[in-house]
Amino acid sequence: MATQLRRGRHSVTDLKIHLVCVTKYRRPVLTKEGLALLEKSFNDVAKKMDFEILEFNGESDHIHALIEYPPKLSVSQIVNALKGVSSRRYGQAGLPKPYQKDALWSPSYFASSLGGAPLEILRQYIENQEKPS
């Protein structure tokens, strides 16, 4: 897979995260229809905030998303927007939330950065830089 770099006015970046969000109380409330609605909500938020959902999937109690984003956004900003909008739209569609509560999502999430070379290779590269004389 060729790496697509995001080019800004003063930066070139390749920032990606793997995001996992679980339903409140880890209840199995997500259906095929619900996942489709969540994916559409995530894509709408991404378009509005200028980031991209590269991959999306899930099971009955959690979702996975692969996200590419610009350096002006923080991971917490992205997650808050995604979870807030998707939970609201999920409820507006009349789909069931855990224990009929207001929240679809647990307040926690998992995010892992992706990309590039392994940590040890980067360490060696930095160590082997020529020092000025």
Side-chain angles (χ1 to χ4, degrees):
M1 183 165 91
T3 300
Q4 294 250 332
L5 299 177
R6 181 183 284 260
R7 297 175 193 285
R9 188 168 179 197
H10 300 289
S11 64
V12 177
T13 60
D14 183 21
L15 301 172
K16 293 181 179 70
I17 56 167
H18 172 209
L19 175 67
V20 181
C21 298
V22 297
T23 59
K24 191 132 181 120
Y25 312 115
R26 196 88 192 220
R27 303 304 301 171
V29 296
L30 303 177
T31 61
K32 187 176 181 181
E33 176 189 0
L35 284 174
L37 179 94
L38 292 174
E39 183 173 12
K40 182 181 180 337
S41 296
F42 273 44
N43 283 314
D44 291 347
V45 170
K47 186 175 182 181
K48 190 171 187 177
M49 291 180 68
D50 189 32
F51 64 91
E52 191 175 349
I53 307 295
L54 302 175
E55 197 66 46
F56 181 93
N57 208 344
E59 295 183 13
S60 62
D61 63 352
H62 70 280
I63 61 95
H64 292 263
L66 177 58
I67 299 168
E68 185 276 327
Y69 63 100
K72 67 181 178 183
L73 294 176
S74 69
V75 173
S76 62
Q77 286 175 311
I78 292 169
V79 173
N80 287 339
L82 290 173
K83 287 169 69 172
V85 170
S86 63
S87 180
R88 186 171 52 258
R89 289 186 182 173
Y90 195 86
Q92 289 169 343
L95 296 168
K97 292 184 178 179
Y99 298 116
Q100 305 308 315
K101 301 276 186 181
D102 289 336
L104 171 62
W105 302 113
S106 163
S108 57
Y109 61 90
F110 168 82
S112 175
S113 62
L114 303 177
L119 190 58
E120 194 53 43
I121 300 296
L122 289 173
R123 281 188 181 160
Q124 288 174 3
Y125 176 77
I126 293 169
E127 275 178 15
N128 294 329
Q129 293 296 300
E130 256 187 64
K131 290 190 168 80
S133 41

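Source: prediction; values computed, not measured.
Here ring pair (Phe, Tyr, Trp, His ring centres under 6.0 Å) pairs that include residues 78-100, with residues two or more places apart or in two chains, are Y25-Y99.
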Next item on the list: Using the side-chain contact (heavy atoms from CB on, under 4.5 Å) rule, take K40 and L37 through it: C-alpha gap first, then chi angles, then the decisive distance, then the call.
Entry: CA-CA 5 Å; K40 182 181 180 337; L37 179 94; 5.8 Å; no

Next item on the list: Under the salt bridge (charged side-chain N to carboxylate O under 4.0 Å, His left out) rule, what do D44 and K48 come out as? Steps first, then yes or no, please.
Entry: CA-CA 6 Å; D44 291 347; K48 190 171 187 177; over 6 Å; no

Checklist line | side-chain contact (heavy atoms from CB on, under 4.5 Å) evaluation trace for R88 with S41 | finding: CA-CA 10 Å; R88 186 171 52 258; S41 296; over 6 Å; no

Note to self: What verdict does the side-chain contact (heavy atoms from CB on, under 4.5 Å) test give for L104 and V29, after you've listed the backbone C-alpha separation in whole Å, the side-chain angles of each residue and the deciding distance to 0.1 Å?
What the structure shows: CA-CA 9 Å; L104 171 62; V29 296; 4.0 Å; yes

Notebook entry, point to check: Step by step, would you call R6 with D50 a side-chain contact (heavy atoms from CB on, under 4.5 Å)?
Noted result: CA-CA 11 Å; R6 181 183 284 260; D50 189 32; 3.2 Å; yes

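With values rounded to the nearest 0.5 angstrom, L82 atom CG is found 9.5 Å from N43 atom CG. A distance of 7.5 Å separates CG in L30 from CG in D61, rounded to the nearest 0.5 Å. The CD1 atom of I67 lies 12.0 Å from the NZ atom of K16; values are rounded to the nearest 0.5 Å. Between atom CZ of residue F42 and atom CD of residue E52 there is a gap of 15.0 Å, rounded to the nearest 0.5 Å. From S113, atom OG reaches atom CD1 of I17 across 9.0 Å, with rounding to the nearest 0.5 Å. One distance of note links NZ of K72 with OG of S11; it measures 10.5 Å at 0.5 Å rounding.
When all heavy atoms are compared, the tightest approach of P98 to A103 is CD-O, 3.7 Å.
In this structure, L19 is a member of the same hydrophobic cluster as V75, with clusters built from ILVMFWY side-chain heavy atoms closer than 4.5 Å. Residues W105 and L35 share a single hydrophobic cluster, defined by chaining ILVMFWY side chains whose heavy atoms lie under 4.5 Å apart. Under the 4.5 Å side-chain heavy-atom criterion for grouping Ile, Leu, Val, Met, Phe, Trp and Tyr, V79 is connected to L15 within one hydrophobic cluster. In the hydrophobic clustering of this structure, L95 groups with V45; members are Ile, Leu, Val, Met, Phe, Trp, Tyr whose side-chain heavy atoms approach within less than 4.5 Å, directly or through other members. The hydrophobic cluster containing F51 does not contain L66, counting ILVMFWY residues as joined when their side-chain heavy atoms lie under 4.5 angstrom apart, directly or transitively.
Atom CG of D102 sits in a sparse spot, with 12 or fewer heavy atoms from other residues, nucleotides or ligands closer than 6.0 Å. Residue R26 places its CZ atom among more than 12 non-hydrogen atoms of other residues, nucleotides or ligands, all under 6.0 Å distant.
Panel note: side chain K97, backbone S87; a donor-acceptor pair is recorded below 3.5 Å.
Under the 30°/60° scheme for interplanar angles, the aromatic rings of H18 and H64 are found to lie parallel.
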